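None of the values given here were measured: they were computed from a predicted structure. Just so we're on the same page: letters track the sequence lines, and every chain starts at 1. All heavy atoms count here, side chains included; hydrogens, waters and symmetry mates do not.
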Protein chains: 2
Amino acid sequence: MEVTGHMPNQDAPRSRSASIWDVARVAGVSQQTVSRVINGKARVSEETRVKVLQVIEEMGYRPNKLARALAGGPVRSVTVLTSDTSLYGAAATLRGMEEAARTAGFSVGISVLEPGSGQRDVAERLNRPGEAVMVIAFDAAGVRALGALPPDVPVAAAVERRPDIETKNPWQVWLDDRAAAAHATRYLLSLGHPTVHYLAIPSSTSELPQRTQGWMDALRAAERPVPEPLHGGWSPRSGYLAVRDLVADPSVTAILCGNDDLALGVMRAAREAGRDIPGDLSVVGFDDSPPAAYLNPSLTTVRLDFQGLGRACFNLLHRRLDPHTAPAVPAWSEPELIVRESSGPAPRSTG
Amino acid sequence: MEVTGHMPNQDAPRSRSASIWDVARVAGVSQQTVSRVINGKARVSEETRVKVLQVIEEMGYRPNKLARALAGGPVRSVTVLTSDTSLYGAAATLRGMEEAARTAGFSVGISVLEPGSGQRDVAERLNRPGEAVMVIAFDAAGVRALGALPPDVPVAAAVERRPDIETKNPWQVWLDDRAAAAHATRYLLSLGHPTVHYLAIPSSTSELPQRTQGWMDALRAAERPVPEPLHGGWSPRSGYLAVRDLVADPSVTAILCGNDDLALGVMRAAREAGRDIPGDLSVVGFDDSPPAAYLNPSLTTVRLDFQGLGRACFNLLHRRLDPHTAPAVPAWSEPELIVRESSGPAPRSTG
DNA sequence: GTGAAAGCGCTAACAG
DNA sequence: CTGTTAGCGCTTTCAC
């Protein structure tokens with residue numbers, strides 16, 4: 001009997017875990033037949049199938065995904081690129097992506113983007129050329145990663161803003177928070193506030209962020225003065241620091257914040273300045289994160305369907321990967337203003 | 001010239017991305033030499049090295065990690081198994097692991113555990129037998145995953161409790177929150193509270209959790225009554241629901257909570273019951289999450305060094321993988337009680 | 001139905 | 001220093 005190069009591992013089983021060859025040998029069939037049983041595609045006689053399955057069970061055999069992918073097998077795995085797993089928006093989006101992907105039988109890995117990661121780093125994260133990727137591009141690092149991705153990788157992204165018409169990229173999803181910001185601003189104006197101040201989260205691009213834009217839209221439409229927007233980070237602390245001066249000014253009666261964490265910091269700063277919420281100052285957030293309803297006062301905020309967005313993003317990718325079998329991309333909820341205790345009528349003495 | 005089976009890809013470059021063979025062909029060297037240049041280990045003449053590097057740059061060649069791993073190359077990648085990326089403890093631990101791993105040149109992937117995932121699912125997540133893994137086992141899903149891992153995988157875990165002496169597993173790290181819970185409880189007793197109630201987070205094992213244990217330790221040592229602990233989930237909402245009845249009882253003057261989110265819900269429930277914090281009721285949390293200092297009132301809580309724990313966990317794994325080159329495992333900070341506004345002296349009328 | 005062959009892209013062990 | 005060979009474990013062809 002001639003032992004060719006294509007029949008490795010024929011000798012005593014070393015301490016390496018069982019391969020498809022080991023199973024084949026024990027089951028008394030060819031390696032290919034085992035492969036057929038595993039993948040269930042091709043037809044195998046019932047008798048053989050049962051026998052092979054039994055041996056697989058006995059030996060505790062698990063297929064090696066690396067080898068399968070290398071050999072050009074169907075892959076069904078996605079990598080999510082995101083820069084901060086602890087921020088509510090990103091975490092909720094991730095959760096939606098993860099659920100949808102797992103439901104569709106995809107395994108999902110996450111790779112965390114560092115603030116300073118460049119092009120090279122991003123390419124480095126892919127296990128193989130052509131690996132499917134989703135990007136959470138709510139911040140600069142995410143947008144940069146999206147841009148740095150090699151052209152051949154199938155990608156879908158959750159982005160902060162609608163892509164420009166000209167460079168329209170069909171593989172992106174976003175929330176219409178421009179309209180939502182305008183809505184929240186109009187709501188505050190309707191309460192009698194002369195104008196509304198805005199504390200922004202860091203923007204993902206050099207252009208004006210959607211939320212800032214929507215806030216401006218509403219102010220201009222109502223012919224109100226447009227104060228200079230303030231710039232915060234993502235944390236309560238950054239919100240606190242950003243508005244310490246602003247909240248001391250009694251003519252400031254309404255502040256819209258780029259997220260709920262900033263709003264928390266703003267409320268703290270306001271209290272320390274001796275201002276009552278909502279009596280002297282109304283504060284509105286963005287996200288409707290889990291704590292929002294339990295804060296003191298509970299926070300009026302714009303609810304954003306990040307999880308639905310994440311699900312939709314995966315479905316988009318799925319359709320891109322196999323256009324025929326993937327289900328239609330589901331809709332996600334529109335942003336919605338949730339009115340709670342932190343906002344109220346403008347104080348009498350205003351003006 | 002004979003073309004053997006070991007020289008594939010010799011013909012016209014198809015639309016597949018460049019392989020090591022393509023680079024070798026263009027650079028006029030053997031495929032192995034290219035491999036040597038890439039890995040930098042073996043010695044290559046400066047001239048050849050430069051030439052190869054140049055061709056790599058020109059062709060935009062990127063090594064295929066799958067193939068490298070399959071061929072038994074050095075791997076330098078870790079997979080983190082965790083069940084909830086949005087909870088502060090897990091997220092902060094993850095961050096620590098991620099930073100330490102990337103610093104050491106490891107690429108890190110994350111795989112999210114579903115609450116119901118069983119043994120099979122866990123094995124399924126590994127790309128290859130023997131892949132390095134870290135587990136964040138603060139909850140039941142994490143502990144189950146840790147137990148379900150095949151014995152041959154190199155693993156280090158961040159766990160909720162010190163392993164039993166008998167089954168001592170050296171590849172685990174944990175925070176001493178038993179002592180911290182006892183400390184927080186003693187602090188409340190020292191303020192004159194007759195006893196302290198405890199609202200627990202879900203436990204990761206069937207045994208008594210460390211925090212619960214520490215709370216009991218302190219109460220018993222002070223010969224105080226030990227109330228039945230309440231059981232919450234992880235969210236503010238679950239804390240709110242769990243204590244709605246309890247906070248209505250004026251004899252309850254101090255509640256220790258398993259995390260800051262629960263404490264938030266408790267404070268809300270207390271306010272709605274008309275009780276002042278800290279005047280009528282003191283509330284203490286666990287974690288010192290970013291919002292804690294900005295809540296109203298700001299939250300007295302136990303600061304836990306999750307990030308340091310995550311870093312230490314990676315170093316443990318690193319030492320396990322290559323005992324000679326890995327740096328020593330760094331220490332992480334001890335838990336520390338941070339006193340803020342939510343706790344104060346027991347009300348006069350107590351008793 | 002089943003088996004044998006060829007190769008995915010790379011590293012490791014040997015040659016020279 | 002460099003080239004050749006033999007795999008890693010699997011999925012494709014293609015034969016029978």
Side-chain angles (χ1 to χ4, degrees), chain A residues 1-11 13-14 16-25 27-49 51-52 61-76 126-130, chain B residues 1-11 13-14 16-25 27-49 51-52 56 61-76 126-131:
Chain A
M1 171 175 157
E2 203 182 311
V3 177
T4 81
H6 280 93
M7 300 176 73
N9 225 10
Q10 290 282 88
D11 304 325
R14 280 176 282 173
R16 186 167 59 263
S17 56
S19 86
I20 201 171
W21 281 101
D22 302 321
V23 175
R25 184 165 32 73
V29 296
S30 82
Q31 172 263 160
Q32 177 50 237
T33 297
V34 177
S35 173
R36 287 184 179 112
V37 170
I38 295 170
N39 295 310
K41 311 282 280 187
R43 319 166 67 78
V44 180
S45 81
E46 186 58 17
E47 187 186 13
T48 315
R49 213 180 63 81
K51 174 64 180 169
V52 169
Y61 164 77
R62 305 259 113 227
N64 181 323
K65 293 190 171 186
L66 259 44
R68 181 179 302 199
L70 222 209
V75 192
R76 306 190 76 72
L126 276 41
N127 289 320
R128 59 195 160 82
Chain B
M1 171 175 157
E2 203 181 313
V3 177
T4 80
H6 279 93
M7 300 177 74
N9 225 9
Q10 290 281 89
D11 303 325
R14 280 175 282 172
R16 187 169 57 265
S17 54
S19 85
I20 200 172
W21 279 101
D22 302 321
V23 175
R25 185 167 31 75
V29 297
S30 83
Q31 172 263 31
Q32 177 53 231
T33 297
V34 177
S35 172
R36 287 181 179 114
V37 171
I38 295 170
N39 296 310
K41 310 283 281 190
R43 320 165 67 77
V44 180
S45 81
E46 186 58 17
E47 185 185 12
T48 314
R49 212 180 63 81
K51 174 64 180 169
V52 168
I56 284 179
Y61 164 78
R62 307 255 114 234
N64 182 322
K65 293 190 171 185
L66 260 44
R68 184 184 310 218
L70 222 209
V75 195
R76 306 189 75 74
L126 275 41
N127 289 321
R128 60 195 160 80
E131 180 177 38

Query - N or O in side chain of T33(A) less than 4.0 angstrom from dT2(C) OP1/OP2 - result: no

Requested in this report: Quick one: closest heavy-atom pair of N127(B) and N64(A), and the distance?
Outcome: O-OD1, 3.3 Å

Query - Proximal nucleotide (of dT11(D), dT2(D), dG9(C)) relative to the L70(A) side chain - result: dG9(C)

Query raised in the report: Taking only side-chain nitrogens and oxygens of S19(A), does any of them come within less than 4.0 Å of OP1 or OP2 of dC8(D)?
Result: no

Report summary line: note: D22(A), atom CG; dC8(D), atom C1'; distance rounded to Å ~ 13 Å

Query raised in the report: Can you find a heavy atom in the side chain of W21(A) that is under 4.5 Å from one in the side chain of V34(A)?
Result: no

Report summary line: Note: for I20(B) and E46(A) on DNA chain C, the residue whose nearest nucleotide lies more 5' is E46(A)

Query - Earlier contact from the 5' end, DNA chain C, for A71(A) and S30(A) - result: S30(A)

Query raised in the report: Where each residue is assigned the nucleotide of DNA chain D containing its nearest heavy atom, which of L66(A) and A42(B) is assigned the position nearer the 5′ end?
Result: A42(B)

Query - Distance in angstrom units between R76(A) CZ and dT11(D) P, rounded - result: 14 Å

Query raised in the report: If only side-chain N and O atoms of S35(B) are considered, is one of them under 4.0 Å from the OP1 or OP2 phosphate oxygen of dT11(C)?
Result: yes

Query raised in the report: In whole Å, what is the span from the CD atom of Q31(B) to the P atom of dA6(D)?
Result: 14 Å

**Report entry** Between dG1(C) (P) and N39(A) (CG): distance, integer Å
**Finding:** 17 Å

Requested in this report: State whether N64(A) places a side-chain N or O below 4.0 Å from either non-bridging phosphate oxygen (OP1 or OP2) of dC8(D).
Outcome: no

Report summary line: Separation of dG3(D) atom P from W21(B) atom CH2, nearest Å, is 11 Å

Report task. Nearest whole angstrom, please: distance from the P of dC10(C) to the CZ of R62(B). Result -> 12 Å

**Report entry** Between dT11(D) (P) and Q32(A) (CD): distance, integer Å
**Finding:** 8 Å

Query raised in the report: Tell me: CD of E47(B) to C1' of dC1(D), nearest whole Å?
Result: 12 Å

Query raised in the report: CZ/R25(B) to CG/D22(B) distance, rounded to the nearest 0.5 angstrom?
Result: 5.0 Å

Requested in this report: Side-chain contact test, heavy atoms from C-beta onward, threshold under 4.5 Å: evaluate it for I38(B) versus R68(B) and give yes or no.
Outcome: yes

Report summary line: Separation between CD (Q32(A)) and CD1 (I20(A)), nearest 0.5 Å, reads 7.5 Å

Query - Listed nucleotide nearest any side-chain atom of S45(B), set dT11(C), dC10(D), dC1(D) - result: dC1(D)

Report task. Could you work out which one of dT11(C), dT2(C), dT11(D) sits closest to the side chain of R36(A)? Result -> dT2(C)

